[in-house]
Each structure stands twice: as structure tokens, then as C-alpha cells.
Amino acid sequence: MGKASPRPLSPANRRARRNRVVRIARALGFVGRIEYCHVYSQTGGAQYGHGCLVEQDVLTVYAEAFERDANPEDFSLVSILAHERGHQLLTRHPRIASRVAGQASAAGEEILASLLGAMLCETLADRDALVAKATAELLDRGVTVDVATQRLQELWDLLEALL
């Protein structure tokens, strides 16, 4: 981003952003508190916080999520929120959480969250963006394209069976 802070928003525009975030997050199945903070976070646009109870989980969405959504070459707001919902599923879905608990690295969790998020997306563009994100994570770890494709398909099939 490079900017110190986002451009000011009117109270009505802040409410509109928050309402849009809540609508999308609830449609994706997010449970817990949903916040919009009109600041830059350098987290990619949103962050999932794990509470003691699912009702205490927090999804915080930042200004850069809307800037990314406005750029057709970047992630949409739906794909950003779906990825964060994927993180919630990793820790909250009984069958998935029991399989993943303590076994996935941080990069592995990012891959799984992206795949779970992709499964929740209605549009092909959002699904493809999140699968591409998961693929990039594997490629960054030195895996070949063929191996990455095979592993992601195996993970997709496993997650699909667990959902």
C-alpha cells in the first residue's frame, strides 16, 4: 500500500462498508463478531481471531480489503472473507479441526484456509483466486506445479469429505 492511512470516509460510508462485510461474512457462515476498522493493517485486508467460544471469534476487516476488492487484478472482498472463514473452519469444524489440530504448519494452514474458502465461494473467479493462492503457497515451498496440483486435489477431496 505505501500510504500511512486510508482516505477518510463519511460515517454513512463506514456503515455501508460494515454492513457489506457483515452480509458477506454471514452468507459464508462466519459465526462471531464482525468488525470493520478503517485503518491499514498490512494483513492482506482481514484477520480471523479465535475466541474461547465460537460466538467470541472475531473477524476484523480493514480498509485495504476494499482497495483490493476495487482492483480487478487482486482478490475480491468475497474471496478475502472466504479465506478467513476457512481459518474459522480449520479450528471450529469438528471433523476438520480434529484432523488438523497441531499438524499443519502456518503455511499449511494458509493452504487449507484457501481451499476451504474456495469451496464456499459461489463464483468461479473467487474459487480460482483462492486455489491460485494455495498453489502459490506450495510453489513457494519448492514444490513443482505437477506435485502442487496433485496435493491440492488430494486436500480438496479430503476437505470435501470432511465438510
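Fair warning: this is a prediction, and the values are worked out from it, not measured in the lab.
Judged purely by atom type and a 3.5 angstrom limit, His38 uses its side chain to pair as donor or acceptor with the backbone of Arg7. Asp69 contributes a side-chain N or O that, together with a main-chain N or O of Leu77, makes up a donor-acceptor pair within less than 3.5 Å. Checked by atom type and distance alone, the side chain of Glu64 pairs as donor or acceptor with a backbone atom of Gln42 at under 3.5 Å.
Going from atom OG1 of Thr144 over to atom CZ of Arg151 covers 8.5 Å, rounded to the nearest 0.5 Å. In this structure, CD1 in Ile96 is found 9.0 Å from CG in Leu112, a value given to the nearest 0.5 Å. Residue Leu59 holds its CG atom at 10.5 Å from CZ of Arg33, rounded to the nearest 0.5 Å. One finds the CG atom of Leu152 at 5.5 Å from the CG atom of Leu115 (value rounded to the nearest 0.5 Å). Taken to the nearest 0.5 Å, the CG atom of Leu159 stands 9.5 Å off from the CZ atom of Arg99.
Between Trp156 and Ala118 the shortest heavy-atom distance is CZ3-CB, 3.8 Å. The two atoms that bring Ala148 and Val143 nearest to each other are N-CG1, 3.4 Å, heavy atoms only. In this structure, Cys121 and Ser79 approach most closely via the heavy-atom pair SG-CA, 4.5 Å. Among all heavy-atom pairs drawn from Gly44 and Ile80, the shortest one is O-CD1, 4.1 Å. Between Gly45 and Ala65, the shortest heavy-atom distance links the atoms O-CB, 3.4 Å. Looking at every heavy atom in both residues, Leu90 comes nearest to Ala113 through CD1-N, 3.9 Å.
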Show the numbers, then the answer: is there a side chain to side chain donor-acceptor pair (under 3.5 Å) between Ser41 and Gln47?
CA-CA 9 Å; Ser41 67; Gln47 194 165 18; over 6 Å; no
Should Phe66 and Leu9 be marked as a side chain to side chain contact (heavy atoms under 4.5 Å, CB included) after you check the CA-CA gap, both sets of side-chain angles, and the distance that decides it?
CA-CA 12 Å; Phe66 284 87; Leu9 282 183; over 6 Å; no
Check against side chain to side chain donor-acceptor pair (under 3.5 Å), Glu67 and Asn71:
CA-CA 7 Å; Glu67 291 179 5; Asn71 179 353; over 6 Å; no
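Residue-environment remark: CZ (Arg17) exceeds the threshold of 12 foreign heavy atoms within 6.0 Å.
Looking at Thr60 and Tyr48, their side chains never come closer than 4.5 Å, going by heavy atoms from C-beta outward. Between Glu110 and His83, the closest side-chain pair of non-hydrogen atoms falls below 4.5 Å. Taking 4.5 Å as the limit, every side-chain heavy atom of Val31 sits out of range of all side-chain heavy atoms of Asp57. Two residues are said to be in side-chain contact when any heavy atoms from C-beta on lie closer than 4.5 Å; Tyr62 and Tyr36 fail this criterion. Taking the side chain as every heavy atom from C-beta outward, Glu160 and Met119 approach each other to under 4.5 Å. Taking the side chain as every heavy atom from C-beta outward, Phe30 and Ile24 never approach each other to under 4.5 Å. Side chains of Thr135 and Thr149 form no contact here, defined as non-hydrogen atoms less than 4.5 Å apart.
There is a path of hydrophobic side-chain contacts, each under 4.5 Å, that joins Leu116 to Leu81. The cluster map of Ile, Leu, Val, Met, Phe, Trp and Tyr, joined by side-chain heavy atoms under 4.5 Å apart, puts Ile111 and Phe75 in different clusters. Under the 4.5 Å side-chain heavy-atom criterion for ILVMFWY residues, no single connected hydrophobic cluster contains both Val61 and Val58. The same ILVMFWY cluster, assembled from side-chain heavy atoms under 4.5 Å apart, contains both Leu28 and Val131. Note on Leu130 and Leu162: separate hydrophobic clusters, where clusters join Ile, Leu, Val, Met, Phe, Trp and Tyr whose side-chain heavy atoms are under 4.5 Å apart, directly or indirectly.
Applying the side chain to side chain donor-acceptor pair (under 3.5 Å) test to residues at least two apart or on different chains, the pairs with a partner in residues 115-127 are Ser76-Asp126, Thr123-Asp126.
Hydrophobic clustering, defined by side-chain heavy atoms of Ile, Leu, Val, Met, Phe, Trp and Tyr closer than 4.5 Å, groups Val145 together with Leu139.
Tested against Gln88 for a side chain to side chain donor-acceptor pair (under 3.5 Å), the candidates Arg85, Arg92, Glu84 yield a single pass: Arg85.
A side-chain N or O of Gln150 and one of Glu154 form a donor-acceptor pair less than 3.5 Å apart.
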